[in-house]
Every structure is written in structure tokens, then in C-alpha cells.
Amino acid sequence: MCGIVGYVGKSDRTVHVLLRGLERLEYRGYDSAGIAVLKDHHVDVVKKSGKLDCLKACVDPEWKTEIGIGHTRWATHGSANQENAHPHQVGKVTAVHNGIIENMDEIKKELSQANVVFRSDTDSEVLVALLNQIYEKCGNMLMAIEKTMKKVVGSYAVALLCEDDEEHIYVMKKDSPLLLGVGKGEMFVASDYQAFCEDTKEYVLLDDFEYGVIGRSAWHVYKDGKEFQKKIEVLEEREELSEKGEYDCYMHKEIYDIPGVLSQLFLFYEKQDTHHIPDYTKYHKIQIVACGSAYHAGCVGKAFFSHIAHFPVEIEYASEYRYQPILADKDTLVIFVSQSGETADTIYCAKKIKELGIDSLAIVNVYNSTLSRLTDYVYYMRAGEERAVATTKGYSSQVALFLIILREWMQARKCWTASLEEEYQQGKRKLFEVFPTCLKKYEQFPWISKLTEQPMNFFIGRQIDYALSLEASLKLKEVTYLNSCAYPAGELKHGTISLIEKGTVVFAIATDLDTYEKTKSNLMEVKARGAYVILTTLEDVVKEVEADEWILVPNIGHLFQPMITILPFQLLSYHVAKSFDLDVDHPRNLAKSVTVE
Ligand code: M6R
């Protein structure tokens with residue numbers, strides 16, 4: 001979602017650092033962008049709707065100034081036009097904001113009564129106006145921030161410039177990530193270390209209700225009116241930036257990263273003493289909480305635990321979990337899954353669980369992310385930077401981690417048998433054997449044009465195949481804009497089958513031999529009503545079904561099967577999006593890191 005960058009340092013670097021930082025934050029998803037620079041007690045703001053290129057076209061790269069802030073905005077309050085883009089400027093204060101000010105109406109009313117005129121529809125401008133009003137009265141920016149924080153309700157990460165102070169950027173944070181980058185003779189602020197990690201590996205993580213100030217060579221953080229000592233973190237090698245290399249887009253490259261990521265992941269977690277394992281014998285229940293594809297990975301995790309460990313698992317969307325009574329106790333382990341570790345709903349739930357003293361575990365990719373700091377146990381996905389908005393390697397590594405956790409869980413409970421271990425070792429060997437051939441094989445789907453002939457495509461499957469259908473359908477929707485929907489195979493006839501007509505594409509996923517025959521019957525039901533059926537099943541299954549097309553996947557055993565079965569659908573979505581000439585890595589309206597609820 002929205003991205004923040006700020007820089008104070010060398011005059012010939014400011015504009016470059018800001019624009020490059022915004023470029024680095026592009027992957028989060030945005031629909032307008034802007035920068036503001038401060039010189040001679042005057043702030044210049046340039047902002048544009050659309051992609052960064054529109055902004056760059058209006059910025060003089062030779063602009064000399066030592067201090068500035070920048071923003072990419074993903075619209076919440078007000079459309080994605082130039083007025084609503086950040087930075088917002090009111091009086092002496094110019095700021096960029098991530099988050100949502102929930103009591104904006106009340107504050108806006110008060111400010112309007114004091115004759116403040118608003119130029120945009122945003123909650124962010126209201127926040128800036130409030131900061132300015134308080135600053136005008138007290139003349140001290142840190143005090144103004146402290147007072148503002150007491151008045152606003154909601155979430156915010158803010159970087160601001162004050163016309164009276166040419167040497168500092170001020171910051172404040174609650175519920176939206178914000179970091180300070182500590183350089184030599186220069187300082188950075190950003191919502192994500194990707195924005196400055198080419199310049200410095202040292203950073204300070206701000207926590208909720210902290211605020212502060214950065215200058216060229218010093219930074220200070222405060223809480224409740226007092227200076228607060230913070231630790232300097234150092235970026236590790238695994239957080240290095242990723243490049244597209246020979247690929248035309250990140251999504252394609254990230255699909256090709258999957259075998260390498262998974263092989264390193266298994267290697268890492270199979271070594272003893274590399275991670276802190278909970279006492280898995282003490283829990284009576286698991287709850288999995290996540291959003292989007294991370295939720296879908298959790299569905300695979302749930303299927304693993306129910307079918308293999310025969311252990312009860314509940315799974316919830318974080319956006320629902322947060323509004324329901326917490327039916328978890330000290331014997332429950334709550335597993336949060338998130339690539340970014342910054343998804344607002346997931347973070348909210350993790351905070352709630354922490355307050356209740358219930359054990360929590362995170363499956364997360366971004367090192368030191370908010371989620372990783374909120375939970376008792378962390379399993380890093382070790383997938384490297386994922387830049388395409390549509391997750392592929394992130395999802396696959398989450399699924400792999402559920403298998404790793406299942407194995408540790410069952411080992412701790414002494415129910416991981418020798419035959420399961422043999423299946424595990426064999427499955428893993430086969431997975432890496434088949435990956436290269438599969439990557440090649442699923443680069444072409446001669447029937448792609450069928451997907452556009454009808455208003456809707458369906459995915460059906462049972463159990464783990466249904467979990468995979470959910471992800472396959474989401475992938476197709478998010479990058480191709482084709483309408484699709486996933487159903488448990490047996491559910492279609494309870495209503496939705498009325499939508500099936502001649503030519504409707506139905507993808508049936510049936511790799512689980514226990515339910516294969518049943519899914520086959522459901523497939524026949526839709527076929528009888530004219531559907532164009534594309535069946536995904538194991539290569540060694542006898543082809544006695546009358547499917548129109550087949551996606552055959554190698555049989556690598558039930559433990560590892562999901563990691564290979566999802567591959568054709570990840571590649572299919574990429575190829576359809578390419579054939580439509582779409583921006584594969586930045587689908588419209590989407591954000592990589594969803595930091596608002
Ligand atoms: O960073 P998270 O894993 O918490 O993100 C959750 C979802 O927003 C994310 O998986 C989303 O569904 C992706 N666009 C899927 O490709």
C-alpha cells in the first residue's frame with residue numbers, strides 16, 4: 001500500500017534518493033505519487049496521479065536541496081487524483097501519511113469552524129491541518145506531534161517537513177510501519193527498508209506511539225514526552241534486494257525462484273538449533289489467521305493437520321477474526337501467516353492474542369516486520385524479496401512451512417512414523433527432480449482463449465484440492481481480471497451450478513486419490529451441462545474421464561503434492577495476463593502490503 005520515503009543529507013542526492021526510494025516502494029501498489037523538498041524556508045510540492053513516470057516527468061533531477069519527503073498513495077479517502085495525492089501542505093507543515101484517521105470527520109469539522117480550507121478529500125490533509133494548527137499555537141513541532149497523537153484515532157506513519165526548520169524531518173507512528181535509516185552524514189525515513197537499503201544497512205524500527213526527528217547526523221525518538229532509547233538493527237544479507245534479471249517481470253522470475261527457495265527452506269529447518277520451536281505437545285487446538293493467499297496457504301496447512309495429524313485446526317480470515325469473540329485459550333496455538341508481516345488485519349489479531357497471553361506463531365517473510373515482533377515464535381519463509389504483487393514463491397514457501405511445522409509437531413508428539421518419514425524424504429527428492437521439467441511444461445496452454453469466452457470461470461476440488469482451487473482462482477483473478485470463483489466440488493450443485501452453460505470453463509483439481517472419484521462425478525455433472533472441463537490430476541491416473549483438456553502433474557506423494565500442483569496455475573495466470581498485455585507485477589487496485597483494514 002502507500003509508501004513513505006524521506007531523506008536529509010547531501011543536496012545533490014535528495015531528489016535521486018526520494019525518486020529511487022519511491023521506485024523501490026512501487027511493488028506495494030499505488031495510484032499516485034509525489035515529493036516535497038524544503039529550501040530557503042519554502043516547501044515545493046510536486047505530485048501526480050498515475051505511475052511514477054508521470055511524477056518523474058515533472059521533477060527536475062538537478063534540483064539541489066538537502067531535505068525532502070516522498071509518497072506513493074493507494075487511495076482510501078477520495079479518488080486517485082492529483083489533489084488527493086501526497087504530500088499535503090497546510091500552513092507551515094507538509095507531510096506524507098500512511099494509514100487511516102478514523103475520527104477525521106470530527107477533526108475536520110472543528111478545523112473548518114476555525115476557517116481551515118481543505119483542498120482534498122483525504123483524511124491525511126485533515127491530519128496535516130491539525131498538526132499545523134497545534135504547531136502554530138505552540139511553536140514546537142515535537143510538542144505539536146505529541147498533542148496531535150493524543151487527538152487522532154486511527155493508524156498513521158507520518159514524515160513531515162516544517163517550513164521553520166530546514167534541517168529536520170519529523171516522524172510519528174501508530175499501527176503503520178515506519179523505520180529510520182541511519183547513514184553517514186545522511187538519514188532516511190521509510191515505510192520499508194527497501195527504500196534505503198542500498199545506502200545504509202542500519203535502521204531503527206519505530207514502535208506504536210513513538211515519534212521523533214532526524215537530521216543529517218542525528219536521530220531522536222520520543223514517547224510520552226520523553227526521549228526513548230532505541231536499538232539500531234542491521235540488515236542481513238537475506239534481505240538484499242531482488243532483480244528481474246533475464247525475466248520480463250518479477251512474477252515470472254519469482255515462480256522460477258520457487259525450487260531454490262524451497263530447497264533452502266527445507267535445508268534450513270531440517271538442521272537442528274536453527275530456530276526456536278514451541279513445545280508442540282502442550283496445545284489442544286490450532287487456529288490459523290491470515291488474509292488472501294496467506295489464508296489459502298493456511299487452508300493447505302489445515303488439510304495437512306486434519307488428514308495427517310488428525311488434529312483440529314480452525315482457520316479464519318483476519319478481517320473476520322478481529323470482530324469475533326476469541327475462542328482460544330492458553331492451550332491454543334494461534335498461527336499467523338503473512339508474507340509482508342504488515343497486513344493490518346493480521347497485525348490487529350496478533351496484538352489481541354498477545355494481550356490475552358495466548359501463544360502465537362508467525363509464518364512470515366519480511367525480517368523484523370511488525371508481525372514477527374508481535375508473536376512468540378517465528379518461522380521465516382526465507383523466500384527473499386517478493387516484488388510482484390501477486391504472491392507465488394511466498395505462497396509456496398508458506399505451504400512448505402506448514403509441512404515443516406507438521407513434521408516437527410508430529411515428531412514432538414511421537415506420532416511421526418518411520419513410514420511418514422520415508423514418504424517425506426521421497427516426496428522431497430521427487431519435488432526437486434520434477435521442478436525443472438514442470439516449469440518448462442506449464443509455459444504453454446493452447447486453450448488459453450477459452451477463458452475469455454464466458455463471463456465466469458470456475459475452480460472445483462475437494463479437501464486439499466479445494467484449498468489449491470482457492471489460490472488458483474485468486475491468482476487468475478488478480479493478475480488477469482478474469483472473473484473466477486472456487487467451490488468445494490460437492491457444493492456446486494447446491495445453487496451455483498445454475499451459472500454453468502455451454503462453454504463455461506471449469507477447472508477441476510483432483511490430485512487427492514481419496515476424493516478423486518467424487519470430484520470426477522461433479523466434473524461429469526458440469527460437463528453434462530455444457531461446461532468446458534480442464535482437469536488437473538496426477539500423471540499416472542488412468543484417463544477414463546471425458547475432460548476437454550488436461551493438466552497433468554507428476555505424482556510426488558501427498559505431502560509435497562500441493563507444492564507442484566499449484567505451479568501450472570501460477571504460470572497460467574502469468575501467461576493469460578501477458579497475453580492481455582497487462583502490467584503483471586502491478587495489477588490495478590492491488591497493494592502488496594495491505595496496511596489498512
Ligand atoms: O502480506 P500478506 O501475506 O499478509 O498479504 C496477504 C494478502 O494481502 C496477499 O496474500 C494477497 O492476497 C496477494 N495479492 C495474493 O497474491
Side-chain angles (χ1 to χ4, degrees), residues 288 293 295-317 395-396 398-399 402-403 406 423 427 456-477 484-500 504-529 531-570 572:
I288 300 173
S293 292
Y295 172 90
H296 298 157
C299 293
V300 175
K302 176 182 157 85
F304 278 156
F305 270 88
S306 338
H307 287 270
I308 301 162
H310 300 160
F311 193 80
V313 175
E314 293 165 3
I315 178 156
E316 290 284 352
Y317 289 110
Y395 167 83
S396 297
Q398 288 163 351
V399 169
F402 271 110
L403 178 59
L406 173 85
E423 269 184 66
M456 182 75 158
N457 301 292
F458 289 91
F459 288 80
I460 58 170
R462 285 170 186 260
Q463 298 298 306
I464 210 150
D465 289 325
Y466 169 56
L468 294 168
S469 301
L470 288 169
E471 176 59 8
S473 171
L474 178 68
K475 212 73 341 184
L476 189 69
K477 272 191 286 252
S484 86
C485 174
Y487 267 85
E491 269 299 302
L492 213 59
K493 64 169 95 51
H494 296 284
T496 311
I497 202 162
S498 64
L499 297 177
I500 305 288
T504 307
V505 171
V506 177
F507 287 95
I509 305 184
T511 64
D512 172 9
L513 295 182
D514 289 343
T515 53
Y516 177 76
E517 288 301 324
K518 299 290 173 197
T519 305
K520 212 173 86 183
S521 314
N522 303 133
L523 178 162
M524 297 316 288
E525 288 159 9
V526 292
K527 181 105 188 87
R529 285 158 182 85
Y532 191 83
V533 173
I534 303 174
L535 174 60
T536 300
T537 189
L538 304 175
E539 272 169 6
D540 47 16
V541 157
V542 187
K543 281 186 168 188
E544 55 179 12
V545 194
E546 278 181 44
D548 295 286
E549 304 290 349
W550 297 75
I551 299 176
L552 294 174
V553 288
N555 182 353
I556 60 168
H558 65 151
L559 299 177
F560 287 84
Q561 195 63 51
M563 291 167 235
I564 213 72
T565 305
I566 198 63
L567 187 65
F569 296 102
Q570 293 171 327
L572 171 68

Residue pair [X] / [Y], side-chain heavy-atom distance below 4.5 Å:
| X | Y | answer |
| --- | --- | --- |
| T519 | L535 | no |
| I534 | I551 | yes |
| R529 | I497 | yes |
| I500 | F458 | yes |
| L403 | M563 | yes |

Between [X] (side chain only) and [Y] (backbone N and O only), is there a donor and an acceptor less than 3.5 Å apart?
| X | Y | answer |
| --- | --- | --- |
| N555 | G557 | yes |
| S306 | K302 | yes |
| D465 | T511 | yes |

Closest approach of [X] and [Y], non-hydrogen atoms and distance?
| X | Y | value |
| --- | --- | --- |
| Q570 | S396 | NE2-OG, 3.4 Å |
| A472 | F459 | CB-CE2, 3.6 Å |
| I288 | V313 | CD1-CG1, 3.6 Å |
| S469 | I509 | OG-CD1, 3.7 Å |
| L406 | A309 | CD1-CB, 3.8 Å |
| A531 | D548 | O-OD2, 3.6 Å |

Check the side chains of Y487 and T496 for a donor-acceptor pair under 3.5 angstrom, ignoring hydrogens and angles.
yes

Do K475 and E471 meet the salt-bridge criterion of a basic N to acidic O distance under 4.0 Å?
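Answer for the salt bridge query: yes.
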
Hey, what do you get for [atom1] ([X]) to [atom2] ([Y]), rounding to the nearest 0.5 Å?
| X | Y | atom1 | atom2 | result |
| --- | --- | --- | --- | --- |
| H558 | L513 | NE2 | CG | 11.0 Å |
| H296 | I315 | NE2 | CD1 | 8.5 Å |
| I460 | C485 | CD1 | SG | 11.5 Å |
| Y395 | I566 | OH | CD1 | 4.5 Å |
| D540 | L538 | CG | CG | 5.5 Å |
| E546 | K527 | CD | NZ | 6.5 Å |

Can you establish whether the number of heavy atoms outside K493 located under 6.0 Å from its atom NZ is more than 12?
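Count over threshold, so yes.
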
Go through the steps to decide whether I464 and Q561 satisfy the test side-chain contact (heavy atoms from CB on, under 4.5 Å), and finish with yes or no.
CA-CA 10 Å; I464 210 150; Q561 195 63 51; over 6 Å; no

Might you work through the side-chain contact (heavy atoms from CB on, under 4.5 Å) test for I308 and L559, ending with a clear yes or no?
CA-CA 9 Å; I308 301 162; L559 299 177; 3.4 Å; yes

Full working for side-chain contact (heavy atoms from CB on, under 4.5 Å) between T504 and V526
CA-CA 9 Å; T504 307; V526 292; over 6 Å; no

Determine the interplanar angle of the F507 and F569 rings, folded into 0 to 90°, and report it as parallel if under 30°, tilted if 30 to 60°, perpendicular if over 60°.
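The arrangement is perpendicular - the two ring planes meet at more than 60°.
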
Check step by step if side-chain contact (heavy atoms from CB on, under 4.5 Å) holds for T537 and L552.
CA-CA 5 Å; T537 189; L552 294 174; 4.0 Å; yes

